[in-house]
Peer 1: 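One structure is given below, represented as structure tokens, and several questions about it will come after.
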Amino acid sequence: MPVTSTSTVALSDGRSIPQLGLGVYKVPDDEAERVVDVALEAGYRHLDTASAYGNERGVGAALRSSGLPRDDVFVTTKVWYDDHGRDATLRSFDRSLELLGVDEVDLYLIHWPAPAQDRYVETWRALGEIAESGRARSVGVSNFQVHHLERLLAETDRVPVVNQVELHPWLPQHELRAFHAEHGIVTESWSPLARGKVLDDPTLARLAEKHGVAPAQVLVRWHLQQGLVVIPKSVTPERIRANRDVDGFALDADDLEVLAALENGERTGSHPDRVG
Ligand SMILES: NC(=O)c1ccc[n+]([C@@H]2O[C@H](COP(=O)([O-])OP(=O)(O)OC[C@H]3O[C@@H](n4cnc5c(N)ncnc54)[C@H](OP(=O)(O)O)[C@@H]3O)[C@@H](O)[C@H]2O)c1
């Protein structure tokens, strides 16, 4: 079956995640309801927020006003590095549920490992408690490098179902993806459009022209075809709709080769070893 905008990816805990979702980083709380409303109307069933984005209230308002059954929309949120440690994490999780206005989230992530604090293993155990309580259906991490994951695997008995990392053609994250594959961890791409910066690349423009689509649609398709979970962000209704309108074409082996040649290791966000 060819991958589509409604495909799901199996998680190691027996659940599944819609492969395409909407990211809402930098969407102000008072705009989030409108943006998420447009996305749900367009067919998105997966939303990616975080306590640090300050927009869980707006995201929750859109969820409720959509009238969609709670189980139809996959909601991810994340604990910020200021709240590492068991007690602060449990408090932050309660606050996220309250702001979102839900009893459970689908996926709860450690936002950054913040290695300088050295509390991500303790924080991971707290996420385990939350998972046991059923209030997060699945738990995972974000911005973990291989050495951070190795510590979780060595020191705890729970494997993250997902690692959400910066990933786009400039930074395809080969090493992490190989490690994930070995341990049944799903790779989720943040800044999948390199925050819009890769969209002006002439190679991408040529591929977009070849398929009669926009450069962002080529990129979303690139993530989907590689089995990656992808969460492009936009506040612009036409772009929100376009980023999901990717089922009418497919990238061929030549296209994938052309996109692979864009790798240059450039990050649009911070390096995980230096945050927090
Ligand atoms: N875990 C983490 O540490 C982490 C870090 C960063 C991001 N994330 C998650 O990943 C999501 C996506 O990453 P991101 O927001 O950094 O960047 P992104 O999705 O790579 O790019 C967003 C930018 O691209 C523009 N854009 C979107 N669709 C477009 C289209 N079809 N044509 C032209 N431009 C388009 C948007 O503009 P407009 O909005 O103005 O339309 C915005 O400026 C975030 O929202 C967040 O949920 C997670």
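In listed order, ligands and their atoms are each counted from 1. What you are looking at is a predicted structure, and each value in this text was computed from that prediction instead of being measured.
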Peer 1: List, by chain and number, the other hydrophobic cluster members for Leu99, where Ile, Leu, Val, Met, Phe, Trp and Tyr join if side-chain heavy atoms come within less than 4.5 Å, directly or indirectly.
Peer 2: none
Peer 1: Taking any residue with a non-hydrogen atom under 4.0 angstrom from an atom of ligand 1, which ones do you get?
Peer 2: Gly23, Val24, Tyr25, Asp48, Tyr53, Lys78, His111, Trp112, Ser142, Asn143, Gln164, Trp190, Ser191, Pro192, Leu193, Ala194, Arg195, Gly196, Leu199, Ala216, Ile231, Pro232, Lys233, Ser234, Val235, Thr236, Arg239, Asn243
Peer 1: Show the atom names and distances, to 0.1 Å, of all donor-acceptor pairs under 3.5 Å that link a side chain in residues 58-69 to residues at least two apart or in another chain.
Peer 2:
from	atom 1	to	atom 2	distance (Å)
Arg64	NH1	Gly60	O	3.4
Arg64	NH1	Leu100	O	3.1
Ser65	OG	Ala61	O	3.2
Ser65	OG	Ala62	O	3.3
Ser66	OG	Leu63	O	2.6
Ser66	OG	Leu68	N	3.0

Peer 1: Would you sort out whether Ser191 and Arg195 count as a side-chain hydrogen bond (donor to acceptor under 3.5 Å, both in side chains), showing the intermediate values?
Peer 2: CA-CA 5 Å; Ser191 292; Arg195 299 200 166 144; 3.2 Å; yes
Peer 1: Tell me which pairs pass salt bridge (charged side-chain N to carboxylate O under 4.0 Å, His left out) where either residue lies in residues 150-164, with sequence neighbours left out.
Peer 2: Asp118-Arg151, Glu132-Arg158, Arg151-Glu155
Peer 1: State yes or no: are the ring centers of Tyr120 and Tyr81 separated by less than 6.0 Å?
Peer 2: no
Peer 1: Ignoring hydrogens and angles, tell me if any N or O in the side chain of Ser133 forms a donor-acceptor pair with the backbone of Ile130 under 3.5 Å.
Peer 2: yes
